[in-house]
**Q** 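Handing you a structure now.
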Amino acid sequence: MLYAIVCILFACGLVTTLRPSKAETPQIELSAALFDGCPFICLDETGPFVEGLKAAFAGTRYQLKFKHVPFARATRELQSGKLDLLPGMLKDGLDDAVYPESWLYFTRMCFFSKVSDPWRWHGINSLNGRTIAIENDIIHTQEFSDFVQDNPLVTHLSGGDILKRQLQMLELGRIQSFTAEQTVLAYHLKQNNIAPDSVQNSGCFPPEFEYVAINASHPMAADIREVLTRGLTEYNKTVAVKLN
């Protein structure tokens, strides 16, 4: 009887020994910059940059810890190794960093007009004779920048409340269209309780893709890059429709 009990206890101990424990696959904490860049990344951990990162690392051994740090300082901290991830970078836009193959999100400058206006953007020639307002120093394409330079039909705006001023100018008939980043405009309309269909998208420039910069000196940098590439490739299938 004693022998049987010993065998049972030994067997149970063996099973316990063989069973993987959480200690054998510890979570690796990654610090990610969180700065005030609404609507793309906000201090309350919302926005598509945050959503994409969380989705990419879900179910992996990596655990995200967001660190509140201004963007300018975040670039220095990534390069010095004090920060592991910096979202919202152009690919290869920062030295001493590596990037996944998949993008994190995108920005897209578009033309917005009155809902009743049938006009559509289809290249520079479609702007002939049209009054527009743009934010000063925002480069859409070189061709567009050359076109608007010293063009009397183009109003260049600088300072604050650019979107508010553009919307007012459109409503008053002072312009026929204005350019704005589509996600930023949608956020502005929502924050100011303006109906999203109060203006219409009349066409867009090609998107500009944002990436996650990874601290190149991190001992797991290569694996982090692969995890992000796979995770974001899958996640981006759910947002690619917005590119159409």
**Q** Let me have the donor-acceptor pairs involving side chains of residues 173-180, under 3.5 Å, with sequence neighbours excluded, atom names and distances please.
**A**
{"unit_1": "Gln176", "atom_1": "OE1", "unit_2": "Thr131", "atom_2": "N", "d": "2.9"}
{"unit_1": "Gln176", "atom_1": "OE1", "unit_2": "Thr131", "atom_2": "OG1", "d": "3.4"}
{"unit_1": "Ser177", "atom_1": "OG", "unit_2": "Ser113", "atom_2": "OG", "d": "2.7"}
{"unit_1": "Ser177", "atom_1": "OG", "unit_2": "Arg130", "atom_2": "NE", "d": "3.0"}
{"unit_1": "Ser177", "atom_1": "OG", "unit_2": "Arg130", "atom_2": "NH2", "d": "3.1"}
{"unit_1": "Thr179", "atom_1": "OG1", "unit_2": "His140", "atom_2": "NE2", "d": "3.1"}

**Q** Specify the closest pair of heavy atoms between Phe71 and Pro87, including all atoms of both residues, with the distance to one decimal.
**A**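 Minimum heavy-atom contact is CE1-O, 4.3 Å.
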
**Q** For Ser102, is there any backbone N or O sitting under 3.5 Å from a side-chain donor or acceptor partner on Thr233?
**A**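 Pair absent, no side-chain N/O of Thr233 close to backbone of Ser102.
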
**Q** Quick check: do Leu85 and Leu64 have side-chain heavy atoms less than 4.5 Å from each other?
**A**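 Leu85 reaches Leu64 side chain to side chain.
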
**Q** Short question: side chain of Glu181, backbone of Val184 - any donor-acceptor pair under 3.5 Å?
**A**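 Yes: the side chain of Glu181 pairs with the backbone of Val184.
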
**Q** Just do the side-chain contact (heavy atoms from CB on, under 4.5 Å) check on Leu232 and Leu104 with the steps written out, would you?
**A** CA-CA 7 Å; Leu232 288 174; Leu104 175 63; 3.9 Å; yes

**Q** Just so I know, are the side chains of Phe144 and Met109 near enough to count as touching, which here means a heavy-atom distance under 4.5 Å?
**A**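 When only atoms from C-beta onward are counted, Met109 and Phe144 do not touch, as no gap falls below 4.5 Å.
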
**Q** Can I get a per-line list of side-chain donor-acceptor pairs under 3.5 Å for residues 206-217, giving both atom names and the distance, sequence neighbours left out?
**A**
{"unit_1": "Asn215", "atom_1": "OD1", "unit_2": "Ser217", "atom_2": "N", "d": "3.0"}
{"unit_1": "Asn215", "atom_1": "OD1", "unit_2": "Ser217", "atom_2": "OG", "d": "2.7"}
{"unit_1": "Asn215", "atom_1": "ND2", "unit_2": "Ser217", "atom_2": "OG", "d": "3.2"}

**Q** Are any non-hydrogen side-chain atoms of Phe57 and Ile224 less than 4.5 angstrom apart?
**A**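 Touching, per the 4.5 Å side-chain cut-off.
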
**Q** So, taking the atom named OG in Ser80 and the one named CG in Asp96, what distance separates them when rounded to the nearest 0.5 Å?
**A**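 Going from the OG atom of Ser80 to the CG atom of Asp96 covers 10.0 Å.
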
**Q** Measure the CG-CZ distance between Leu78 and Arg73 for me, rounded to the nearest 0.5 Å.
**A**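 Output value for this atom pair is 13.0 Å.
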
**Q** I want to check something: taking the side chain as every heavy atom from C-beta on, are Leu228 and Tyr235 in contact at a cut-off of under 4.5 Å?
**A**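 A side-chain contact under 4.5 Å is absent here.
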
**Q** Should Leu94 and Trp103 be regarded as members of a common hydrophobic cluster, given that ILVMFWY residues are connected when their side-chain heavy atoms come within less than 4.5 Å of each other, either directly or indirectly?
**A**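 Same hydrophobic cluster.
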
**Q** Between Val148 and Phe112, is there a shared hydrophobic cluster once you connect ILVMFWY residues whose side-chain heavy atoms come closer than 4.5 Å?
**A**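 Hydrophobic grouping puts Val148 apart from Phe112.
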
**Q** Scan residues 145-171 for pairs that pass side chain to side chain donor-acceptor pair (under 3.5 Å), counting only residues two or more places apart or in two chains.
**A**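 Applying side chain to side chain donor-acceptor pair (under 3.5 Å) to every pair that reaches into residues 145-171, excluding sequence neighbours, yields Gln142-Asp146.
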
**Q** What distance do Thr183 atom OG1 and Arg108 atom CZ have between them, rounded to the nearest 0.5 Å?
**A**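 These two atoms lie 10.5 Å from each other.
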
**Q** Between Thr46 and Cys42, is there a donor-acceptor pair closer than 3.5 Å when you use the side chain of the first and the backbone of the second?
**A**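 Side chain of Thr46 to backbone of Cys42: no pair is present.
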
**Q** Please assess Arg61 against Asp223 for the test side-chain contact (heavy atoms from CB on, under 4.5 Å), listing each intermediate value before the final yes or no.
**A** CA-CA 11 Å; Arg61 58 177 167 171; Asp223 185 62; 3.3 Å; yes

**Q** Taking the side chain as everything from C-beta on, heavy atoms only, tell me whether Phe49 gets closer than 4.5 Å to Leu53.
**A**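 When only atoms from C-beta onward are counted, Leu53 and Phe49 do not touch, as no gap falls below 4.5 Å.
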
**Q** Taking a hydrophobic cluster as the set of Ile, Leu, Val, Met, Phe, Trp and Tyr residues connected by side-chain heavy atoms closer than 4.5 Å, whether directly or through intermediates, do Leu127 and Met169 fall within one such cluster?
**A**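 Different clusters.
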
**Q** Is there a side-chain contact (heavy atoms from CB on, under 4.5 Å) between His218 and Leu30? Walk through the geometry before answering.
**A** CA-CA 10 Å; His218 193 288; Leu30 296 176; 3.7 Å; yes

**Q** Mind checking whether Ile138 and Leu167 sit in one hydrophobic cluster, side chains of I, L, V, M, F, W, Y counted as touching below 4.5 Å?
**A**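 They do not share one cluster, since no chain of ILVMFWY contacts under 4.5 Å joins Ile138 to Leu167.
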
**Q** I need the full list of ring pair (Phe, Tyr, Trp, His ring centres under 6.0 Å) pairs touching residues 115-139, with sequence neighbours left out, sorted by first then second residue.
**A**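 Every ring pair (Phe, Tyr, Trp, His ring centres under 6.0 Å) pair that includes a residue of residues 115-139, provided the two are not neighbours, is Phe111-Trp119, Phe111-Trp121, Trp121-Phe205.
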
**Q** Tell me the closest heavy-atom pair linking Lys114 and Gln200, and the distance in Å.
**A**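 Heavy atoms only, the tightest pair is O-NE2, 3.0 Å.
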
**Q** Could you list all the side chain to side chain donor-acceptor pair (under 3.5 Å) pairs where at least one residue sits in residues 30-41, not counting sequence neighbours?
**A**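 Those involving residues 30-41 are Ser31-Asp84.
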
**Q** Given 3.5 Å as the limit, does a donor-acceptor pair link the side chain of Gln79 with the main chain of Asp95, or not?
**A**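 The answer is yes, because a donor-acceptor pair under 3.5 Å joins these two groups.
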
**Q** Kindly compute the distance separating CZ (Phe147) from CG (Asn125), expressed to the nearest 0.5 Å.
**A**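 Answer rounded to 0.5 Å: 8.5 Å.
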
**Q** So Ile132 and Leu153, side-chain contact (heavy atoms from CB on, under 4.5 Å) or not? Walk me through it.
**A** CA-CA 7 Å; Ile132 62 173; Leu153 297 180; over 6 Å; no

**Q** Taking only residues at least two apart or on different chains, which pairs with a member in residues 134-182 satisfy disulfide bond (SG atoms under 2.5 Å apart)?
**A**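 Residue pairs with at least one partner in residues 134-182: there are none.
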
**Q** Between Ser202 and Asp117, is any pair of side-chain heavy atoms under 4.5 Å apart?
**A**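 They are not in side-chain contact.
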
**Q** If two hydrophobic side chains count as joined below 4.5 Å and joins carry through other members, does Ile134 share a cluster with Leu163?
**A**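 Unlinked, Ile134 and Leu163 end up in two clusters.
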
**Q** Given side chains that start at C-beta, do those of Glu226 and Arg230 come closer than 4.5 Å, heavy atoms only?
**A**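 Yes; the side chains approach each other to less than 4.5 Å.
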
**Q** How long is the span from the NZ atom in Lys67 to the CD atom in Glu77, to the nearest 0.5 Å?
**A**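 One finds 3.5 Å between NZ of Lys67 and CD of Glu77.
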
**Q** Which heavy atom of Val199 sits nearest a heavy atom of Leu170, and at what distance?
**A**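 For Val199 and Leu170, the tightest heavy-atom pair comes out as CG1-CD2, 3.7 Å.
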
**Q** For a 4.5 angstrom cut-off between non-hydrogen side-chain atoms, does Val69 reach Phe35?
**A**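 Heavy-atom side-chain distance check fails, nothing below 4.5 Å.
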
**Q** Drop me the distance from Ile162's CD1 to Leu185's CG, to the nearest 0.5 angstrom.
**A**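 Atom-to-atom, Ile162:CD1 and Leu185:CG are 13.0 Å apart.
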
